[in-house]
A.B. asks: 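Once you've had a glance at the structure underneath, I'll fire off some questions.
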Amino acid sequence: MDGGHSAAVDDYVKAVYKLVESEGTATTSRIALRLGLSASSVSGMARKLADLGLVEHRPYAGLTLTEAGRRHALSMLRRHRLIETFLVQELGYGWDEVQDEAEVLEHYVSDTFLARIDAKLGHPRVDPHGDPIPDVEGRTVEQEACVLSLLEPGTTGLLVRVDEEDPAVLRHLKERGFGLGTEVRMRGRHPFGGSFIVSLGGDTDEHLLGPELAAAMWVAGGDQVR
């Protein structure tokens, strides 16, 4: 596979990329939480990544990817998201079942095999969770969308991305009818920073979404533009 780095290095650069994308920064504590590791382990790996020329690490400022690190992260995201899409579209996996499988496979499939998957799937632009799939040059096509938590009460949007990897959370959403393309209507929010209240399509049943989950769900179209 491309790059010749260890699986641990692959996972770290992906974690840094995703944290910077979603939170604007990638501190050692946030990386440790995301990967389920100790802060001391992350600090040690941060030094290794810097030696490899993949990150810049400034004390108290977190990690930032170098251009080489960014290219490697995008390459790994391409692998992961294409494999997830293949598992769902060709092998019948659910969107809550693919994370662990893809985490293993992404480190071992060849570039040729990955190119065959891409061609077989018709060069998809997004994976089963709506995450953009980088092309071979690392480019992605981003669609106009906003996080669900920004919807005004009474407005709607189509669910286009769920930035969540926990299988239990994805299974919970699936069981309640949430999926890509589902119309979501914002009903309101409980006071003092409480849960968001939403309904699906023309359904009158209400669903409660915590602030963190609502901020990980992206909607587009409809009348969501603010």
Side-chain angles (χ1 to χ4, degrees), residues 1-3 7 10-26 30-31 33-35 65 69-107 109 114-115 117-151 157-174 178-182 184 209 212-221 224:
M1 59 160 275
D2 179 55
D10 295 341
D11 291 341
Y12 271 88
V13 295
K14 278 198 311 177
V16 173
Y17 182 92
K18 289 180 178 180
L19 284 169
V20 172
E21 181 187 39
S22 62
E23 301 179 15
T25 184
R30 290 295 294 149
I31 295 170
L33 182 62
R34 190 177 191 99
L35 296 178
L65 293 172
R70 184 176 180 278
R71 287 197 306 269
H72 188 59
L74 287 167
S75 173
M76 293 310 302
L77 288 173
R78 171 176 167 79
R79 289 173 159 271
H80 186 94
R81 292 171 181 176
L82 275 174
I83 290 169
E84 285 194 334
T85 307
F86 179 79
L87 292 173
V88 169
Q89 292 191 13
E90 300 296 323
L91 300 183
Y93 280 68
W95 72 345
D96 57 315
E97 300 175 309
V98 292
Q99 171 66 18
D100 291 343
E101 296 278 18
E103 280 292 334
V104 173
L105 292 170
E106 68 187 34
H107 303 294
V109 299
L114 199 71
I117 287 178
D118 190 25
K120 172 70 173 177
L121 297 174
H123 309 291
R125 293 184 174 184
V126 297
D127 74 3
H129 311 106
D131 295 318
I133 300 175
D135 66 14
V136 292
E137 301 297 329
R139 298 169 301 203
T140 58
V141 177
E142 301 285 349
Q143 50 187 328
E144 289 190 26
C146 73
V147 292
L148 179 62
S149 56
L150 293 181
L151 283 184
L158 300 180
L159 185 63
V160 295
R161 185 179 183 183
V162 179
D163 188 15
E164 175 60 62
E165 297 178 350
D166 188 337
V169 174
L170 292 170
R171 194 156 43 248
H172 172 82
L173 291 174
K174 180 181 178 181
F178 290 86
L180 298 190
T182 300
V184 181
L209 299 173
E212 187 173 348
L213 181 55
M217 301 171 72
W218 293 75
V219 295
Q224 104 289 353

A.B. asks: Apply salt bridge (charged side-chain N to carboxylate O under 4.0 Å, His left out) to Asp11 and list each qualifying residue two or more places apart in sequence or on a separate chain.
C.D. replies: none
A.B. asks: Atom CG in Leu74, atom CZ in Arg139: separation rounded to 0.5 Å?
C.D. replies: 11.5 Å
A.B. asks: Does a side-chain heavy-atom distance below 4.5 Å link Leu173 with Leu213?
C.D. replies: yes
A.B. asks: Within this structure, what is the CG-CD1 distance for the pair Asp127 and Ile83, rounded to the nearest 0.5 Å?
C.D. replies: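 CD1 of Ile83 is found 11.5 Å from CG of Asp127.
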A.B. asks: Give, for atom CG of Leu87 and atom CD1 of Ile117, the distance between the pair rounded to the nearest 0.5 Å.
C.D. replies: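 If we round to the nearest 0.5 Å, Leu87:CG and Ile117:CD1 are 8.0 Å apart.
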A.B. asks: Would you indicate whether the side-chain heavy atoms of Phe178 and Met217 approach each other to under 4.5 Å?
C.D. replies: yes
A.B. asks: For Ser22 versus Asp163, what's the shortest heavy-atom pair and its separation?
C.D. replies: CB-OD2, 4.0 Å
A.B. asks: Restricting to non-hydrogen atoms, name the atom on Trp95 and the atom on Gly179 that form the minimum distance, rounded to 0.1 Å.
C.D. replies: CH2-CA, 4.2 Å
A.B. asks: How long is the straight-line distance from CH2 of Trp218 back to CG of Leu150, given to the nearest 0.5 Å?
C.D. replies: 8.0 Å
A.B. asks: Would you give the length of the straight line joining atom CD of Glu103 to atom CG of Asp10, rounded to the nearest 0.5 angstrom?
C.D. replies: 9.5 Å
A.B. asks: So among Glu84, Arg161, Glu165, Gln99, which one has a side chain to side chain donor-acceptor pair (under 3.5 Å) with His129?
C.D. replies: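 Result for side chain to side chain donor-acceptor pair (under 3.5 Å) with His129: Glu84.
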A.B. asks: Identify the two heavy atoms, one from Ala26 and one from Val20, that lie closest to each other, and give their separation to 0.1 Å.
C.D. replies: CB-CG2, 4.0 Å
A.B. asks: Search all heavy atoms of Val160 against all heavy atoms of Ala220 and return the closest pair with its distance.
C.D. replies: CG1-CB, 3.9 Å
A.B. asks: Mind listing the closest non-hydrogen atom pair of Gly94 and Lys174 along with its distance?
C.D. replies: CA-NZ, 4.3 Å
A.B. asks: To the nearest 0.5 Å, how far apart are CG in Leu65 and OH in Tyr12?
C.D. replies: 14.0 Å
A.B. asks: Kindly check if the number of other-residue, nucleotide or ligand heavy atoms within 6.0 Å of CD (Glu212) is above 12?
C.D. replies: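 No, CD of Glu212 has 12 or fewer neighbouring heavy atoms, counting only those of other groups under 6.0 Å.
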A.B. asks: Given Glu97 and Leu170, is the side-chain contact (heavy atoms from CB on, under 4.5 Å) satisfied, shown in steps?
C.D. replies: CA-CA 9 Å; Glu97 300 175 309; Leu170 292 170; over 6 Å; no
A.B. asks: May I have the step-by-step check of salt bridge (Lys or Arg N to Asp or Glu O under 4.0 Å) for Arg34 and Glu23, ending in yes or no?
C.D. replies: CA-CA 12 Å; Arg34 190 177 191 99; Glu23 301 179 15; 5.5 Å; no
A.B. asks: Which pair of heavy atoms, one from Val13 and one from Gly69, lies closest together, and at what distance?
C.D. replies: CB-O, 4.5 Å
A.B. asks: Can you tell which of Arg79, Arg78, Lys14, Arg81 makes a salt bridge (charged side-chain N to carboxylate O under 4.0 Å, His left out) with Glu106?
C.D. replies: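 Option passing the salt bridge (charged side-chain N to carboxylate O under 4.0 Å, His left out) with Glu106: Lys14.
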A.B. asks: For residues Pro132 and Leu77, determine if any side-chain heavy atom of one lies less than 4.5 Å from a side-chain heavy atom of the other.
C.D. replies: no
